[in-house]
Amino acid sequence: MIVSEISKKGNWVNVLFDNNELFKIPYELFVKNNLYVDDEISEDTFSKLKHQTNIYQIKQSSFRYLGLRNHSSNELKIKLLKKGFDKIIIENVLIELTNSGFLNDKIFAENYFQFQIRKKKGKLKIQSELIKKGINREIISEVGKNFDVDFSNESTVYEIGIKKFNSLKQKSNSNIQIKQKLFALMLKLCSQLFR
């Protein structure tokens with residue numbers, strides 16, 4: 001394949017080959033690979049360029065997601081898979097992001113615990129949500145030890161009860177169902193209090 005035309009658009013470069021195949025490559029990879037018009041590109045080199053471009057796109061998408069909020073490794077993987085990226089390349093990029101400190105499931109779990117406890121969610125509910133987000137059970141257990149909720153404080157128990165009551169009322173539960181569920185919640189809180 002011979003490069004017949006090169007044009008830059010933003011941070012991307014369009015490379016047109018003599019067989020009319022158009023290839024978009026990030027500008028920094030274009031410069032790094034010293035591509036010029038009339039250069040002959042072997043299939044092997046072209047394959048490597050495609051691979052480098054895929055890695056670049058996955059990293060850029062990852063940084064966009066992480067720039068919006070902290071993500072667990074599993075959450076980020078699912079979002080990247082939905083964008084149609086290759087699973088093996090995603091996993092390699094996630095390992096690289098973890099090793100460089102951009103992705104950390106333990107820090108994610110700690111932040112998630114802090115945020116949800118402030119919203120008066122119970123520890124078991126938070127742990128269940130973290131499992132759904134793909135956090136390792138060992139990490140959840142380790143982090144959860146640092147976030148034992150103090151149910152000895154009457155206002156905390158009262159706030160949790162009110163929040164649960166309002167939630168049940170919005171779901172059109174009967175008065176009997178509301179009483180049963182509030183009673184079950186109070187039993188659970190008491191069992192945690194007297195462990």
Side-chain angles (χ1 to χ4, degrees), residues 1-119 121 125-144:
M1 296 169 58
I2 297 173
V3 177
S4 61
E5 191 179 312
I6 295 172
S7 61
K8 186 176 184 293
K9 279 193 170 185
N11 294 328
W12 290 84
V13 176
N14 293 327
V15 179
L16 183 66
F17 293 98
D18 60 343
N19 62 357
N20 286 330
E21 185 172 349
L22 180 67
F23 178 63
K24 291 184 176 188
I25 183 170
Y27 181 72
E28 65 184 71
L29 291 179
F30 171 78
V31 172
K32 184 179 174 183
N33 286 284
N34 293 324
L35 295 176
Y36 296 101
V37 173
D38 295 331
D39 280 355
E40 188 169 344
I41 307 292
S42 68
E43 284 297 323
D44 187 45
T45 303
F46 184 67
S47 182
K48 286 177 185 174
L49 287 172
K50 275 184 160 178
H51 184 72
Q52 290 173 355
T53 300
N54 286 334
I55 291 171
Y56 177 87
Q57 289 177 305
I58 292 170
K59 283 183 181 179
Q60 291 304 306
S61 290
S62 298
F63 288 133
R64 272 193 296 279
Y65 286 128
L66 291 171
L68 296 172
R69 71 167 177 84
N70 201 0
H71 284 70
S72 70
S73 298
N74 192 56
E75 280 181 313
L76 193 54
K77 180 180 178 180
I78 289 168
K79 287 184 177 183
L80 294 169
L81 284 170
K82 283 182 182 176
K83 288 191 96 168
F85 294 122
D86 181 78
K87 184 179 180 180
I88 294 169
I89 300 174
I90 290 172
E91 288 173 358
N92 290 333
V93 168
L94 293 179
I95 290 169
E96 187 180 329
L97 292 174
T98 300
N99 291 340
S100 57
F102 288 108
L103 202 55
N104 187 321
D105 281 352
K106 185 176 180 186
I107 291 173
F108 173 82
E110 288 170 352
N111 292 338
Y112 194 82
F113 254 103
Q114 286 174 348
F115 181 72
Q116 297 302 332
I117 293 241
R118 273 189 249 123
K119 289 173 64 176
K121 275 195 182 173
K125 176 85 172 166
I126 297 168
Q127 289 173 330
S128 166
E129 290 172 359
L130 286 170
I131 289 169
K132 289 177 187 171
K133 291 183 178 292
I135 302 295
N136 181 306
R137 289 179 188 268
E138 291 172 13
I139 291 173
I140 294 171
S141 176
E142 181 185 337
V143 169

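The structure presented is a predicted model; accordingly, all values stated were derived computationally and were not measured. For this chain, numbers begin at 1 and follow the sequence in order.
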Name the orientation class of the two ring planes belonging to Y65 and H71 (parallel below 30°, tilted from 30 to 60°, perpendicular beyond 60°).
-> tilted
Give the ring-plane orientation class for F17 versus F46, where under 30° counts as parallel, over 60° as perpendicular and anything between as tilted.
->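 The rings of F17 and F46 stand perpendicular, inter-plane angle above 60°.
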Checking [X] side chain against [Y] main chain: does a donor-acceptor pair fall under 3.5 Å?
| X | Y | result |
| --- | --- | --- |
| S72 | G134 | no |
| S100 | E96 | yes |
| S141 | R137 | no |
| K82 | G84 | no |

Decide, yes or no, whether a salt bridge links R69 with E75 under the criterion of side-chain N to carboxylate O below 4.0 Å.
-> yes
Is the shortest side-chain heavy-atom distance between [X] and [Y] below 4.5 Å?
| X | Y | value |
| --- | --- | --- |
| F113 | L130 | yes |
| I135 | V143 | no |
| L35 | L49 | yes |
| Q116 | K125 | no |
| D39 | I2 | no |
| K24 | T53 | no |
| H51 | I89 | yes |
| D38 | V3 | no |

Residue pair K8, F30: steps toward the side-chain contact (heavy atoms from CB on, under 4.5 Å) verdict = CA-CA 10 Å; K8 186 176 184 293; F30 171 78; over 6 Å; no
Taking [atom1] in [X] as the centre, count heavy atoms belonging to other residues, nucleotides or ligands within less than 6.0 Å. Is the count above 12?
| X | atom1 | value |
| --- | --- | --- |
| L22 | CG | yes |
| N11 | CG | no |
| K87 | NZ | no |
| F115 | CZ | no |

Any chance you could lay out the side-chain hydrogen bond (donor to acceptor under 3.5 Å, both in side chains) test for D18 and S4, step after step, and finish with the verdict?
-> CA-CA 5 Å; D18 60 343; S4 61; over 6 Å; no
What pair of heavy atoms forms the shortest contact from S73 to D105, and how long is it?
->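 Result for this residue pair: N-OD1, 2.8 Å.
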Would you say the side-chain atoms of N33 and Q52 include a donor-acceptor pair closer than 3.5 Å?
->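 Present: a donor and an acceptor within the cut-off.
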How long is the gap from [atom1] on [X] to [atom2] on [Y], to the nearest 0.5 Å?
| X | Y | atom1 | atom2 | result |
| --- | --- | --- | --- | --- |
| Y112 | K133 | OH | NZ | 4.5 Å |
| S62 | L80 | OG | CG | 4.5 Å |
| I139 | I131 | CD1 | CD1 | 12.0 Å |
| W12 | S7 | CH2 | OG | 13.5 Å |
| N74 | N136 | CG | CG | 11.5 Å |
| I55 | F85 | CD1 | CZ | 11.5 Å |

side-chain contact (heavy atoms from CB on, under 4.5 Å) between N104 and N70: does it pass, once the steps are laid out?
-> CA-CA 9 Å; N104 187 321; N70 201 0; over 6 Å; no
Evaluation steps, side-chain contact (heavy atoms from CB on, under 4.5 Å), between L16 and I6 = CA-CA 6 Å; L16 183 66; I6 295 172; over 6 Å; no
For I58 and S61, what are the C-alpha separation, side-chain angles and deciding distance, and is it a side-chain contact (heavy atoms from CB on, under 4.5 Å)?
-> CA-CA 5 Å; I58 292 170; S61 290; 5.8 Å; no
Validate the cation-pi geometry between K50 and F23: distance from NZ or CZ to the six-membered ring centre under 6.0 Å, angle to the ring axis within 45°.
->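 Judged by the rule (NZ or CZ under 6.0 Å from the ring centre, within 45° of its axis), K50 is not positioned above F23.
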